Protein chains: 2
Amino acid sequence: MTVIDTRVSLLDELMVDGVLSAACPSRVVLDHISSKWGVLVLVALAERGQRWGELRRTVEGISEKMLASTLRTLEQDGLVLREAQPTIPPRVDYSLTPLGQELATVLLPLVGWVARNASRIVGD
Amino acid sequence: MTVIDTRVSLLDELMVDGVLSAACPSRVVLDHISSKWGVLVLVALAERGQRWGELRRTVEGISEKMLASTLRTLEQDGLVLREAQPTIPPRVDYSLTPLGQELATVLLPLVGWVARNASRIVGD
DNA sequence: CAGGATCCTTAGAGATACTG
DNA sequence: CAGTATCTCTAAGGATCCTG
């Protein structure tokens with residue numbers, strides 16, 4: 001049985017160190033995901049694809065403006081798929097792209113941990 | 001062989017859905033972690049405990065003010081441990097608490113994924 | 001060395017009203 | 001229904017100087 005240093009190997013294997021350099025492009029993406037609403041929208045869509053109005057209700061407290069801009073940047077990042085039906089009234093469905101689902105795989109454990117430990121942290 | 005819906009079960013098991021309600025305390029923690037510098041400081045400390053000056057250099061681009069306030073909120077959240085030696089000149093060491101290391105366990109995979117896919121996303 | 005205290009600037013974010 | 005267009009404003013963030 002081989003025991004290795006968990007912390008160091010994690011960083012090495014995950015090649016995380018580059019993030020700390022100012023030029024790393026991941027900083028941009030990190031900002032998008034953590035733009036206050038980014039995580040929540042991704043989590044909502046990870047549960048199931050939804051229409052605009054549904055999302056607005058699912059992600060409590062988000063304004064129309066923020067939902068719009070959040071969805072736009074996530075779509076540009078290739079994480080969210082936007083499908084508009086040219087009907088009247090219009091119907092637009094949002095869902096995660098394969099890339100977005102990949103992200104959800106590592107994002108959900110984080111959000112889950114936070115949700116479970118939030119009360120402990122914030123000390124209600 | 002039993003096949004289950006990965007997405008739904010993930011959400012259920014992780015009890016992530018509560019995050020979407022406006023009153024959920026996890027939103028506060030989520031904000032702290034994703035406060036532009038929060039993730040980076042946590043990643044830096046996940047690699048190894050560091051002194052103030054080291055952190056300042058490790059997390060490229062962070063200002064003194066932001067490093068100070070980020071460390072303060074993370075300390076209040078119980079994620080970061082601050083150890084000050086009463087020497088002259090002063091020496092202060094920062095490291096992750098057990099809780100912070102737990103968080104790192106789920107945070108590093110996310111950051112790692114983003115780092116590896118950032119160029120694909122941002123489309124350099 | 002490790003911060004506090006200040007001042008200043010913007011982008012993020014809210015509210016409201018309007019439209020194809 | 002699914003947004004866009006404005007307007008406004010706070011608070012995150014940056015730069016600089018100061019100190020035990």
Side-chain angles (χ1 to χ4, degrees), chain A residues 19-24 27-42 44-45 48-77 80-95, chain B residues 19-24 27-42 44-45 48-77 80-95:
Chain A
V19 182
L20 297 174
S21 67
C24 185
R27 288 211 180 177
V28 181
V29 183
L30 231 35
D31 273 357
H32 292 180
I33 295 175
S34 66
S35 69
K36 174 165 192 179
W37 297 112
V39 197
L40 299 180
V41 169
L42 287 171
L45 289 178
R48 59 188 184 83
Q50 290 177 58
R51 302 176 55 179
W52 166 273
E54 291 178 298
L55 269 175
R56 179 121 168 61
R57 267 168 278 125
T58 308
V59 183
E60 287 184 20
I62 195 170
S63 69
E64 300 190 344
K65 178 188 169 187
M66 280 303 104
L67 181 54
S69 81
T70 300
L71 283 172
R72 225 180 296 128
T73 73
L74 290 180
E75 190 195 355
Q76 286 169 2
D77 289 347
V80 163
L81 176 67
R82 184 196 131 106
E83 295 173 292
Q85 258 97 29
T87 59
I88 293 189
R91 176 196 173 102
V92 184
D93 290 273
Y94 291 93
S95 56
Chain B
V19 182
L20 297 173
S21 67
C24 185
R27 288 211 178 175
V28 180
V29 183
L30 231 36
D31 273 358
H32 291 180
I33 296 176
S34 66
S35 68
K36 175 165 193 181
W37 296 113
V39 197
L40 300 180
V41 169
L42 286 171
L45 288 179
R48 57 186 185 84
Q50 292 177 56
R51 302 176 54 180
W52 167 274
E54 292 179 297
L55 269 175
R56 179 124 171 57
R57 268 169 276 123
T58 307
V59 184
E60 286 184 20
I62 195 170
S63 70
E64 299 190 346
K65 179 188 170 184
M66 280 304 106
L67 180 54
S69 81
T70 301
L71 283 172
R72 225 179 298 127
T73 73
L74 291 180
E75 192 196 353
Q76 288 171 2
D77 289 348
V80 162
L81 176 66
R82 181 196 133 104
E83 293 172 293
Q85 259 96 29
T87 60
I88 293 188
R91 173 196 174 102
V92 183
D93 290 272
Y94 290 93
S95 57

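Every chain is numbered from 1 and lettered A, B, ... according to where its sequence line falls, protein lines coming before strand lines. Here the structure is a predicted model, which means the values were calculated and not measured.
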- [ ] Could you state the atom-to-atom distance from CD of B/Glu54 to C1' of C/dG3 in whole Å?
- [x] 16 Å

Task: Proximity to the side chain of A/Arg72 - top-ranked nucleotide from D/dA2, D/dA15, D/dT4 - done: D/dT4

TODO: Give a yes/no answer on whether the side chain of A/Arg82 brings an N or O atom under 4.0 Å of OP1 or OP2 in D/dG3.
DONE: yes

- [ ] Would you mind reporting whether B/Leu74 and B/Tyr94 have side-chain heavy atoms less than 4.5 Å apart?
- [x] no

- [ ] Could you pick out which residue, B/Glu64 or A/Pro89, lies toward the 5' side of DNA chain D when each is mapped onto its nearest nucleotide?
- [x] A/Pro89

Task: Nucleotide nearest A/Met66 (side chain, heavy atoms from C-beta), chosen from D/dA15, D/dC1, C/dA13 - done: C/dA13

- [ ] State whether A/Arg56 places a side-chain N or O below 4.0 Å from either non-bridging phosphate oxygen (OP1 or OP2) of D/dG3.
- [x] no

- [ ] Have a look at B/Ser69 and say if it touches a base, only the backbone sugar-phosphate, or nothing, with a 4.0 Å heavy-atom cut-off.
- [x] nothing

Open item on the list: In whole Å, I'd like the distance from the CG atom of A/Asp31 to the C1' atom of C/dA11.
Closed with: 12 Å

Task: Side-chain N or O of A/Lys36 closer than 4.0 Å to phosphate OP1/OP2 of C/dG14 - done: yes

Open item on the list: Between B/Glu75 (side chain only) and B/Arg82 (backbone N and O only), is there a donor and an acceptor less than 3.5 Å apart?
Closed with: no

TODO: Provide the closest heavy-atom pair for A/Met66 versus A/Ile62 in the form atom of the first, atom of the second, distance.
DONE: CB-CG1, 3.8 Å

Open item on the list: I want to check one thing: is the phosphate of D/dG14, taken as OP1 and OP2, less than 4.0 Å away from some side-chain N or O of B/Trp37?
Closed with: yes

- [ ] Answer with base, sugar-phosphate or nothing: what part of the nucleic acid does A/Arg51 contact at a heavy-atom distance below 4.0 Å?
- [x] sugar-phosphate

- [ ] Tell me which nucleotide among D/dT6, D/dC1, C/dC1 gets nearest to the side chain of A/Lys65.
- [x] D/dT6

Task: Whole angstrom value for the distance that separates P of C/dC1 from CH2 of B/Trp52 - done: 13 Å

Open item on the list: Could you tell me how far apart B/Glu75 (CD) and C/dA2 (P) are, to the nearest whole angstrom?
Closed with: 15 Å

Open item on the list: What's the separation between atom CG in A/Leu71 and atom CG in A/Leu67, rounded to the nearest 0.5 Å?
Closed with: 4.5 Å

Open item on the list: Please confirm whether the shortest side-chain N or O distance from A/Tyr94 to OP1 or OP2 of D/dC1 is below 4.0 Å.
Closed with: no

- [ ] Considering only NZ, NE, NH1 and NH2 on the basic side and carboxylate oxygens on the acidic side, decide whether B/Glu83 and B/Arg91 come within less than 4.0 Å.
- [x] no

Open item on the list: Whole angstroms only, please: what is the CD1-C1' distance between A/Ile88 and D/dG3?
Closed with: 14 Å

